[in-house]
Amino acid sequence: MTINFVGNFQTGYVGEVADETHLARELEVHNHTVRRIPRDEWREHVLDGKDYPNIPKDLRADINIICKWHHFEDGRFINYLRDTSGGAPVFYWVWDFMWDSGFPQWHIEMAKAADLYLSGELGIFKVYQEQGIKPYYFQMDVCDGELPVFEQEEIKYDVVFTGSYLPQGNRIAFLKEIAKEVPLTIFSWNHEEWKKEGIPATIYPAVYGAEYNRVIAQTNIVLGMSVEPYCYGYWSNRVGKVIAAGGFLLQEYGPGMETFLPNCVAYFNSAEGAIYKIKQYLDNSEKIARRKQGAQKIAKRFTSKTKMKQLSFFLTRYLRGEPKLWNRLP
């Protein structure tokens, strides 16, 4: 099929190559024609109607995918995409947790305009449905499977956290306590903010791509904490990045993880629980090795190649006449 894919195909604001690049590549592996439409050009094209280098004059397609961007202020960026593609359905795909004392209005308007809203926020789908939005569970917990995986690296770090400094969820409070008891290393794009907290940890700028996988391979235990730990079915895509790199993930538990994630992941619910498990594992290297071996066995499941195979199947079923199954509200 022909797919118009509107998103970021460059480097994101944190310095990492945007996920849309490897997602589009893997869609093409399944013999789809993917038009990579830069989100900034699409925005300006919708607003002023002018031609832009990466926007084809003929946008007729079978399906459209548009990714979240806060500069898409309302639903016209979806409606225009549908109209210019010959009426093809538009899927609005978001892999962040969007509730923060309410939803941004631009996000709600985009979701309302879409034929389907693809998201991992399964636990709050009812809230979306009450606003006339059609959500479908499609979690983005994968990474670029073409990146190298390192299996024979010397261990340099006991415990690592690779997330952003964000005043949401439990990460700041938990890491403050964890760092008092165990040797903690933080890699973060806004690492200076972590330093301001005075956490007794070793703190570095973020690493990406192959270097990220190398750090995971050099680490005994990787801590995982999502922005929102209480929404059923939602978690950070760092979960997939750690597993695909063969790392041992000790993750703050979120409801549904025991159903969707493999047994190689271990969980905690509090700083005290994390500290207890970290000490137990650091005293038993064989247990860590078994967890890593478990991750390596199912690593391909958390790559964009697998995810885009799933998406390709779903798009095919949708276009063959089943959309009412997904559009039906309870």
Side-chain angles (χ1 to χ4, degrees), residues 141-143 145 147-163 169-188 191 194 197 199-204 206-207 210-226 229-230 235-303:
D141 55 2
V142 300
C143 69
L147 295 172
V149 175
F150 304 91
E151 298 180 1
Q152 303 297 325
E153 292 291 305
E154 178 184 355
I155 296 298
K156 294 183 178 180
Y157 314 102
D158 281 321
V159 185
V160 159
F161 179 72
T162 63
N170 299 314
R171 64 182 62 186
I172 296 175
F174 281 10
L175 290 182
K176 281 183 176 181
E177 296 304 312
I178 291 170
K180 294 176 183 178
E181 298 288 335
V182 299
L184 175 64
T185 303
I186 297 174
F187 292 87
S188 175
H191 61 286
W194 283 115
E197 284 289 338
I199 295 177
T202 303
I203 302 173
Y204 297 114
V207 290
E211 191 56 32
Y212 180 91
N213 283 6
R214 189 186 300 276
V215 167
I216 299 305
Q218 294 171 342
T219 300
N220 276 317
I221 301 170
V222 183
L223 288 178
M225 281 174 273
S226 302
Y230 307 118
W235 44 86
S236 166
N237 69 344
R238 283 192 306 277
V239 167
K241 289 183 178 182
V242 174
I243 295 174
F248 168 32
L249 178 64
L250 179 59
Q251 175 73 29
E252 181 184 8
Y253 174 76
M257 284 183 166
E258 75 287 352
T259 300
F260 295 106
L261 296 181
N263 293 331
C264 60
V265 178
Y267 302 104
F268 63 93
N269 286 102
S270 64
E272 294 76 17
I275 292 166
Y276 174 79
K277 287 196 172 183
I278 289 169
K279 290 181 177 180
Q280 291 290 312
Y281 279 109
L282 290 181
D283 284 341
N284 193 326
S285 59
E286 291 184 1
K287 285 187 176 181
I288 292 177
R290 285 197 295 270
R291 294 282 184 171
K292 289 187 174 185
Q293 289 167 3
Q296 291 164 2
K297 289 179 181 178
I298 50 83
K300 291 182 180 179
R301 174 180 157 190
F302 290 91
T303 64

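We're numbering straight along the sequence, starting at 1. Keep in mind it's a predicted model, so treat the numbers as computed, not measured. Below, each value reflects all heavy atoms present in this structure, side chains not excepted, and no hydrogens, waters or symmetry copies.
Atom-to-atom distance recorded for Gln296:CD and Phe248:CZ is 13.5 Å, nearest 0.5 angstrom. One distance of note links OG of Ser236 with NZ of Lys241; it measures 7.5 Å at 0.5 Å rounding. Note that CD1 of Ile278 is 13.0 Å distant from OH of Tyr276, once rounded to the nearest 0.5 Å. Atoms CD and CD1, from Gln280 and Ile288 in turn, are 11.5 Å apart once rounded to the nearest 0.5 Å. Separating the CZ atom in Arg171 from the CZ atom in Phe161 is a distance of 4.0 Å, to the nearest 0.5 Å. Once rounded to the nearest 0.5 Å, the distance linking CE of Met225 with CZ of Phe174 reads 7.5 Å.
Of the candidates Ile203, Leu223, Val160, Val160 is the only one forming a side-chain contact (heavy atoms from CB on, under 4.5 Å) with Thr185.
Listed here is the closest heavy atom pair of Gly247 and Ala295: O-CB, 3.5 Å. Here the shortest heavy-atom pairing between Ala210 and Leu147 reads N-CD2, 3.9 Å. Across all their heavy atoms, Ile298 and Pro262 have their closest contact at CD1-CG, 3.6 Å. Minimum heavy-atom separation, Ala179 to Leu184: CB-CD2, 3.8 Å. Annotation for Cys143 and Gly240: closest pair SG-O, 4.2 Å, computed over non-hydrogen atoms. Counting all heavy atoms, side chain and backbone alike, Pro229 lies closest to Asn170 at CG-ND2, 3.8 Å.
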Run the side-chain donor-acceptor check on residues 213-221: report pairs under 3.5 Å with partners two or more places apart or on a different chain.
residue : atom : partner : partner atom : Å
Asn213  : ND2  : Pro148  : O            : 2.9
Arg214  : NH1  : Glu153  : OE2          : 3.4
Gln218  : NE2  : Glu153  : OE1          : 3.0
Thr219  : OG1  : Val215  : O            : 2.7
Asn220  : ND2  : Asp158  : OD1          : 3.2

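For Tyr204, the ring pair (Phe, Tyr, Trp, His ring centres under 6.0 Å) criterion is met by Phe187, not counting sequence neighbours. Take Lys156 and apply the salt bridge (Lys or Arg N to Asp or Glu O under 4.0 Å) test, not counting sequence neighbours, and it matches no residue. Ser188 pairs by the side chain to side chain donor-acceptor pair (under 3.5 Å) definition with Asn190, Trp194, not counting sequence neighbours. Evaluation of the ring pair (Phe, Tyr, Trp, His ring centres under 6.0 Å) rule for Phe302 yields no partner, not counting sequence neighbours. Listed by chain and residue number, Tyr281 satisfy the side chain to side chain donor-acceptor pair (under 3.5 Å) test with Arg291 (two or more places apart in sequence, or in another chain). With sequence neighbours left out, the side-chain contact (heavy atoms from CB on, under 4.5 Å) criterion links Val239 to Trp235, Ile243, Leu249, Gln251, Leu261. Residues meeting the side chain to side chain donor-acceptor pair (under 3.5 Å) test with Tyr157, sequence neighbours left out: none. Applying the side chain to side chain donor-acceptor pair (under 3.5 Å) rule to Lys287 yields no partners; only residues at least two apart in sequence or on another chain are considered. For Lys300, the salt bridge (Lys or Arg N to Asp or Glu O under 4.0 Å) test picks out no residue, with sequence neighbours left out.
For the salt bridge (Lys or Arg N to Asp or Glu O under 4.0 Å) condition, the pairs that include at least one residue of residues 263-283, sequence neighbours left out, are Glu181-Lys279. Counting only residues at least two apart or on different chains, the side-chain hydrogen bond (donor to acceptor under 3.5 Å, both in side chains) pairs with a member in residues 258-269 are Tyr253-Glu258.
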Should Ile172 and Glu197 be marked as a side-chain contact (heavy atoms from CB on, under 4.5 Å) after you check the CA-CA gap, both sets of side-chain angles, and the distance that decides it?
CA-CA 8 Å; Ile172 296 175; Glu197 284 289 338; 4.0 Å; yes
